Amino acid sequence: MSALPAVAFLGLGHMGGPMAANLVRAGYTVTGYDPVPAAQEEATKNGITVAEAAVDAVRGAEVVITMLPNGKLVLDLYDEILPAAEPDTLFVDSSTIDVADARAAAEKAHEAGHRAVDAPVSGGVAGATAGTLAFMVGGSEDDFATAQPLLEAMGRKIVHCGGSGNGQAAKICNNMILGISMIAISEAFVLGEKLGLDNQALFDVASNASGQCWALTSNCPVPGPVPTTPANNDYQPGFAAALMDKDLGLAANAVRSNGVEAELGLRAAELYHRFNTEGGGGLDFSAIITDIRDRSTAKDSK
Ligand code: NAD
């Protein structure tokens with residue numbers, strides 16, 4: 001008999017599907033649920049037993065992992081499944097949701113006699129498939145220790161960030177840095193272009209100087225200097241602008257509700273929201289440079 005805990009995995013979409021498949025590969029017995037038939041079929045092919053309803057998947061599980069689109073779905077699903085779980089079940093929510101929702105979800109789980117961590121990820125579908133996700137985890141030391149081996153079966157870098165909600169907090173703070181820095185890099189390239197500066201020359205200077213950052217050296221928004229970036233492939237993601245819009249929206253909620261003076265974070269959220277709603281959401285988030293360039297070109301003709 002396997003000593004590994006029985007796992008329920010709820011939400012078998014773009015991320016959850018391959019994550020659950022990696023747990024099966026690592027030897028876990030996984031029962032899953034997703035209302036979408038295509039997700040159910042793919043999961044079955046990957047060795048996951050698909051239940052007829054979320055409550056059925058949860059019965060008998062020692063660990064319940066959720067990977068859902070938003071916080072309301074997580075909270076609603078918790079209301080449905082918490083009463084069906086064995087006492088002391090560990091709930092791991094890997095969805096990207098508001099810090100406040102993550103803390104509310106953990107509280108619901110604790111009140112129902114269970115354990116809980118938030119464990120949002122970065123690394124995208126490629127990382128989920130390759131089992132190389134980064135997990136940022138919020139919860140007690142004990143609950144983190146229980147979750148860690150499962151997270152290691154799905155990821156490479158697992159960081160315990162503190163109590164409930166701190167995994168989500170770390171994720172949105174990091175992505176606020178990333179969104180702001182991508183806009184800064186993009187504005188600098190467009191300004192350089194207007195000044196007659198070659199993109200490669202700016203890259204050679206900034207990447208070896210104080211402007212150096214991940215948005216420049218690993219996800220450079222202009223084609224050429226870093227051949228592997230989405231800019232060289234018509235901005236196919238990568239990390240989609242729609243997801244940056246979502247994450248900056250969550251960061252903006254936290255900024256407002258905690259009274260933080262974060263003018264650049266709020267402005268970055270507005271710019272990515274506009275880019276997403278005007279049709280750029282399916283492109284890599286570095287494609288924001290095309291919007292900045294287009295708006296700058298439009299100013300030339302005024
Ligand atoms: P997705 O829409 O592909 O998958 C979500 C799945 O949840 C869907 O298949 C949906 O049918 C299912 N679902 C909805 N309600 C459910 C319920 N009550 N019970 C069970 N399943 C239910 O989304 P995704 O891309 O897999 O993203 C999931 C989460 O991961 C989101 O919070 C997202 O922000 C986060 N995330 C995504 C990426 C990415 O690159 N896609 C990267 C990092 C984080």
Side-chain angles (χ1 to χ4, degrees), residues 7-22 30-44 46 48-59 61 64-82 84-85 91-99 101-102 105 118-137 151 154-157 165 167-168 170-172 174-175 178-179 219 230 236-251 253 272 276 281-286:
V7 179
F9 205 115
L10 310 175
L12 300 164
H14 290 101
M15 296 292 290
M19 288 165 71
N22 279 328
V30 182
T31 306
Y33 176 71
D34 192 298
V36 172
Q40 295 174 1
E41 277 164 37
E42 187 62 23
T44 305
N46 287 323
I48 295 146
T49 305
V50 176
E52 299 224 333
V55 282
D56 297 330
V58 163
R59 282 194 194 101
V64 176
I65 304 176
T66 40
M67 193 53 169
L68 303 177
N70 62 55
K72 183 171 182 334
L73 284 172
V74 173
L75 290 169
D76 288 351
L77 187 60
Y78 271 30
D79 284 340
E80 190 185 328
I81 60 178
L82 290 174
F91 284 78
V92 178
D93 181 39
S94 281
S95 326
T96 304
I97 65 175
D98 267 318
V99 176
D101 285 344
D118 51 295
V121 304
S122 69
V125 176
T129 306
T132 57
L133 292 169
F135 284 89
M136 295 140 271
V137 188
L151 303 182
M154 300 182 283
R156 199 155 51 189
K157 177 102 182 128
Q168 299 291 350
K171 171 150 179 143
I172 58 168
N174 178 71
N175 281 8
L178 180 59
N219 215 77
Q236 292 313 299
F239 182 51
L243 287 171
M244 179 56 88
D245 175 22
K246 173 186 173 178
D247 291 0
L248 289 175
L250 297 175
N253 291 345
Y272 270 104
N276 183 15
L283 299 174
D284 186 73
F285 79 112
S286 59

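Keep in mind it's a predicted model, so treat the numbers as computed, not measured. Start at 1 and go down the list; that is how both ligands and their atoms are numbered. Along the sequence shown, the residues carry numbers beginning at 1.
Applying the side-chain contact (heavy atoms from CB on, under 4.5 Å) test between Asp93 and each of Asp101, Leu68, Thr66 identifies Thr66 as the sole match.
Across the listed options Leu77, Asp34, Asp76, Leu77 owns the non-hydrogen atom lying nearest to atom 18 (N) of ligand 1. Heavy-atom proximity to atom 33 (C) of ligand 1, evaluated over Lys171, Met15, Lys246, is greatest for Lys246.
Protein heavy atom in closest approach to atom 30 (O) of ligand 1: Met67 CE, 3.1 Å.
Close contacts between ligand 1 and Ser95 involve ligand atoms 32 (O) [criterion: under 4.0 Å to a heavy atom].
Distance check: Thr44 OG1 to Glu41 CD gives 7.5 Å after rounding to the nearest 0.5 Å.
Counting heavy atoms under 4.0 Å from ligand 1, residue Phe239 does not touch it at all. Of the heavy atoms in Ile97, none comes closer than 4.0 Å to ligand 1.
In this structure, Ser122 falls outside the shell of residues with a heavy atom less than 4.0 angstrom from ligand 1. At least one heavy atom of Pro35 sits under 4.0 Å from some atom of ligand 1.
The N/O atoms of Asn70, backbone and side chain alike, include none that comes under 3.5 Å of an N/O atom in ligand 1.
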Q: Give the intermediate values and the outcome of side-chain contact (heavy atoms from CB on, under 4.5 Å) for residues Val55 and Glu80.
A: CA-CA 7 Å; Val55 282; Glu80 190 185 328; 4.2 Å; yes

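In this structure, the side chains of Met154 and Ile65 come closer than 4.5 Å at one or more pairs of heavy atoms.
Using bins of under 30°, 30° to 60° and over 60° for the plane-to-plane angle, the ring pair Phe239/Phe285 lands in the perpendicular bin.
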